[in-house]
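First comes the structure, then the notes that go with it.
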Amino acid sequence: QVQLVESGGGLVQAGGSLRLSCTASGSLFSINDMGWYRQAPGKQRELAASITRIGTTNMADFVKGRFTVSIDNAKNTVYLQMNSLQPEDTAVYYCNAHIKSSSRWQYNEYWGQGTQVTVSS
């Protein structure tokens with residue numbers, strides 16, 4: 001089985017920074033990509049940023065210039081460095097990954113349990 005474990009959320013003042021981490025463990029034959037989604041109260045879950053194992057990124061417009069996504073393939077870990085945080089960034093941030101557990105299997109999608117990020121004004 002595959003598990004995604006997140007860390008790094010918390011409470012920060014507007015203009016501050018946080019760094020989220022997500023580590024994949026279990027049956028990891030191949031990781032295609034990892035990333036972060038977020039869901040604010042009453043809103044749909046949306047992509048914030050993702051990165052493939054070769055470093056290709058996909059950044060939402062609302063994070064460009066403020067957030068950076070990176071991946072450490074040796075540690076099976078994705079990071080989200082969040083700078084210049086604003087109250088509208090308040091949400092539960094979920095780690096997402098597409099992982100193959102065997103050479104003969106397809107890539108499956110996995111989710112972490114979510115970590116709360118709260119930005120006060």
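Given the structure is predicted, the values throughout are model-derived calculations rather than measurements.
Side-chain atoms of Ser21 do not come within 3.5 Å of backbone N or O of Tyr79 as any donor-acceptor pair. Side-chain atoms of Arg66 come within 3.5 Å of backbone N or O of Ser84 as a donor-acceptor pair. Checked by atom type and distance alone, the side chain of Asn96 never pairs as donor or acceptor with a backbone atom of Trp36 at under 3.5 Å. Between the side chain of Gln39 and the backbone N or O of Gln44, no donor-acceptor pair lies under 3.5 Å. Side-chain atoms of Glu6 come within 3.5 Å of backbone N or O of Gln113 as a donor-acceptor pair.
Atoms CG and CD1, on Asn108 and Ile99 in that order, are 9.0 Å from each other to the nearest 0.5 Å. Here the OG-CG distance, from Ser25 to Asn76, works out to 8.5 Å after rounding to the nearest 0.5 Å. Considering OG1 of Thr68 and CG of Asn83, their distance stands at 6.5 Å, rounded to 0.5 Å.
Between Trp111 and Tyr37, the angle of the ring planes goes over 60°, which puts this pair in the perpendicular group of the 30/60° scheme.
Between Val12 and Thr118 the shortest side-chain heavy-atom distance does not fall below 4.5 Å. Taking the side chain as every heavy atom from C-beta outward, Val117 and Leu18 approach each other to under 4.5 Å. Between Tyr93 and Leu80 there is a side-chain heavy-atom pair separated by less than 4.5 Å. Looking only at side-chain heavy atoms (C-beta outward), Ser7 and Leu20 stay at 4.5 Å or farther from each other.
A cation-pi geometry, defined here as NZ or CZ lying under 6.0 Å from the six-membered ring centre and within 45° of its normal, does not hold between Lys100 and Phe29.
Ile51 pairs with exactly one of Thr56, Asp33, Ile71 by the side-chain contact (heavy atoms from CB on, under 4.5 Å) rule, that one being Ile71.
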